[in-house]
Q: 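First the structure, then my questions, so here it is.
First the proteins, then the strands, lettered A, B, ... as listed; each starts at 1.
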Amino acid sequence: MTMEVVLFYVAALVSMSSTVLVITRTNATHALIYLIISLLAVAVIFFLLGAPFAAALEVVIYAGAIMVLFLFVVMMLNLGRGSVEQENRWLKPSMWVGPAILTLILLLELIYLIAGSSVTTSGVPVSPKTVGVELFGPYLLAVELASILLLAALVGSYHLGRRYMSARREEID
Amino acid sequence: MTAVSVPIEHVLILACVLFAIGLTGVLVRRNVIFLLMSLEIMMNACGLAFIAGGARWAEADGQIMYMLVLSLAAAEVAVGLGLVLQLQRRFDHLDIDAASELAG
């Protein structure tokens, strides 16, 4: 077993444990930091699997842009100590045991279905140049559709956030 | 630049575990912020499965599908956080149950 294979399993363990910590935190900021750790671990896995461009995007867009967006909203909402106590009330074992057991059953079924094949990944990295050539060749229509989706999200979030911001401004004035 | 050769089922099982954790988060949590975070976890797990597929055949298609998932996640989180702001403004808390009264 080479060093890189060990790195893969270490990163997998880090990502799983920090993801469990994300959904069990009561403080939103702590959960966000654990989510960033989980995303960085997944970025390491992407790099090891031979997808360096996807790994860079994971760090820049997921751990960078999207998580900072979350952090801004958490700061704007100004959640105090009261929200942590409310989360503690909501996170009683009677609340989470049922759904957790049901998802565990589904997960075991999935693992049973996946396990048993002896196929390995190729071990050949796919360079960013290849990805770019494919992206603006056969996948050009998908890129245009993604840009329309992002434009729609921009307009929608501006519309939803505008009234909130104007209300906040009146409070400050 | 190196790439490892690991059994693809291990990568897919990792993706499934991450997806299941995210699904548990969506089912268990009531705070909208945590729901959105769990959705991000699930989308990230989908991206990991795509990358695993791309790494299996050493093709770029997996990474391209991952980028499409990424743009979908960015769009979803922008609108979702806008809804979070509306929820906080109208109800002063982030309980998802309050969203059933969000008509009009």
Q: For chain B, which of A/Ala31, A/Pro138, A/Gly156 has the most heavy-atom pairs under 4.5 Å?
A: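 Between A/Ala31, A/Pro138, A/Gly156, the count favours A/Ala31.
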Q: Counting heavy-atom pairs under 4.5 Å to chain B, which of A/Leu48, A/Val124, A/Leu106 comes out on top?
A: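 Highest number of heavy-atom pairs under 4.5 Å: A/Leu48.
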Q: Honestly curious: do B/Met37 and A/Met95 fall in one hydrophobic cluster under the side-chain, below-4.5 Å linking rule?
A: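 Hydrophobic grouping puts B/Met37 apart from A/Met95.
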Q: Out of A/Thr103, A/Val22, A/Leu102, A/Val133, which one racks up the most heavy-atom pairs below 4.5 Å with chain B?
A: A/Thr103
Q: Which bit of B/Ser38 comes within less than 4.5 Å of chain A, counting heavy atoms only: side chain, backbone, both or neither?
A: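 Answer is side chain: those atoms of B/Ser38 sit under 4.5 Å from chain A.
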Q: Looking at chain B, which one of A/Thr130, A/Val143, A/Ile61, A/Ile45 has the largest number of heavy-atom pairs inside 4.5 Å, strictly under?
A: A/Ile61
Q: Could you name the residues of residues 36-44 of chain A that have a heavy atom within less than 4.5 Å of a heavy atom in chain B?
A: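 Those residues of residues 36-44 of chain A which have a heavy atom under 4.5 Å from chain B are A/Leu39, A/Val42.
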Q: Side chains of B/Ile51 and B/Met65: does their closest heavy-atom pair fall under 4.5 Å?
A: no
Q: Mind listing the closest non-hydrogen atom pair of A/Val20 and A/Thr24 along with its distance?
A: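 It is O-OG1, 3.0 Å.
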Q: Answer with side chain, backbone, both or neither: which region of B/Glu76 has an atom nearer than 4.5 Å to a non-hydrogen atom of chain A?
A: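 B/Glu76 has no heavy atom closer than 4.5 Å to chain A.
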Q: Which pair of heavy atoms, one from A/Thr120 and one from B/Ser5, lies closest together, and at what distance?
A: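 Shortest heavy-atom separation between A/Thr120 and B/Ser5 comes out as OG1-OG, 3.5 Å.
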Q: With hydrophobic residues grouped by side-chain heavy-atom distances under 4.5 Å, do A/Leu110 and B/Met42 end up in a single group?
A: no
Q: Shorter than 4.5 Å, heavy atoms on both sides: which option in B/Gly82, B/Pro7, B/Gly25 has the most such pairs with chain A?
A: B/Pro7
Q: If I measure from the heavy atoms of chain A, does B/Val26 come under 4.5 Å with its side chain, its backbone, both, or neither?
A: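 Neither part, no heavy atoms under 4.5 Å.
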Q: I'd like to check B/Tyr66 versus A/Leu57 (side-chain heavy atoms, cut-off strictly below 4.5 Å). Are they in contact?
A: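 A side-chain contact exists here, since the closest heavy-atom pair is under 4.5 Å.
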Q: Measure B/Leu68 against the heavy atoms of chain A and call it side chain, backbone, both or neither at under 4.5 Å.
A: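 The side chain, not the backbone.
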Q: Are the side chains of B/Val32 and B/Leu83 in contact, using a 4.5 Å heavy-atom criterion?
A: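 No; the side chains remain at least 4.5 Å from each other.
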Q: If I take atom OH from residue A/Tyr34 and atom OG1 from residue A/Thr29, how far apart are they, to the nearest 0.5 angstrom?
A: 12.5 Å
Q: Which of the residues B/Leu36, B/Leu70, B/Leu27, B/Val77 is involved in the greatest number of heavy-atom pairs with chain A at under 4.5 angstrom?
A: B/Leu70
Q: Can you tell me which of B/Leu18, B/Thr24, B/Ile64 forms the most heavy-atom pairs within a distance under 4.5 Å of chain A?
A: B/Ile64
Q: What's the separation between atom CG in B/Leu81 and atom CG in B/Leu87, rounded to the nearest 0.5 Å?
A: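 That separation rounds to 12.0 Å.
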Q: So what's closer than 4.5 Å to chain A heavy atoms on B/Ile21: side chain, backbone, both or neither?
A: both
Q: Can you tell if the side chain of A/Glu58 reaches within under 4.5 Å of the side chain of B/Asn44, non-hydrogen atoms only?
A: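 Yes - at least one pair of side-chain heavy atoms lies under 4.5 Å apart.
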Q: Side chain, backbone, both or neither: which part of A/Leu35 has a heavy atom under 4.5 Å from chain B?
A: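 For A/Leu35, the contact with chain B is made by the side chain alone.
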Q: Under a 4.5 Å heavy-atom cut-off, does chain B meet the side chain of A/Phe8, its backbone, both or neither?
A: side chain
Q: Given heavy-atom pairs under 4.5 angstrom as the criterion, report whether the side chain, backbone, both or neither of A/Ser147 touches chain B.
A: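 For A/Ser147, no heavy atom lies under 4.5 Å from chain B.
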Q: What's the separation between atom CG in A/Leu71 and atom CD1 in A/Ile66, rounded to the nearest 0.5 Å?
A: 13.5 Å
Q: Contact part of A/Leu91 toward chain B, heavy-atom cut-off under 4.5 Å: side chain, backbone, both or neither?
A: side chain
Q: Going only through I, L, V, M, F, W and Y residues with side-chain contacts under 4.5 Å, is there a path from B/Met67 to A/Leu145?
A: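 No.
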Q: So which of B/Val84, B/Ile41, B/Leu23 has the largest heavy-atom pair count under 4.5 angstrom toward chain A?
A: B/Ile41
Q: Less than 4.5 Å to any heavy atom of chain B: does that hold for the side chain of A/Ile114, its backbone, both, or neither?
A: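 When you check distances to chain B, atoms from both the backbone and side chain of A/Ile114 fall under 4.5 Å.
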Q: Taking the side chain as every heavy atom from C-beta outward, state whether A/Ile148 and A/Leu151 have any atom pair closer than 4.5 Å.
A: no
Q: Salt bridge (Lys or Arg N to Asp or Glu O under 4.0 Å) with B/Arg30: which residues, sequence neighbours excluded?
A: B/Asp95, B/Asp97
Q: Which one of A/Phe72, A/Tyr139, A/Tyr158, A/Phe46 has the most heavy-atom pairs closer than 4.5 Å to chain B?
A: A/Phe46
Q: Under 3.5 Å, is there a donor-acceptor pair between the side chain of A/Ser122 and the main chain of B/Trp57?
A: no
Q: Go through B/Leu12, B/Val28, B/Leu72 and name the one with the most non-hydrogen pairs under 4.5 angstrom from chain A.
A: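 Of the candidates given, the most pairs with chain A belong to B/Val28.
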Q: Would a distance-only check, ignoring hydrogens and angles, find a side-chain to backbone donor-acceptor pair under 3.5 Å from B/Gln86 to A/Leu160?
A: yes
Q: Of the listed residues (A/His159, A/Glu4, A/Met67), which shares the most heavy-atom pairs with chain B below a 4.5 Å separation?
A: A/Glu4
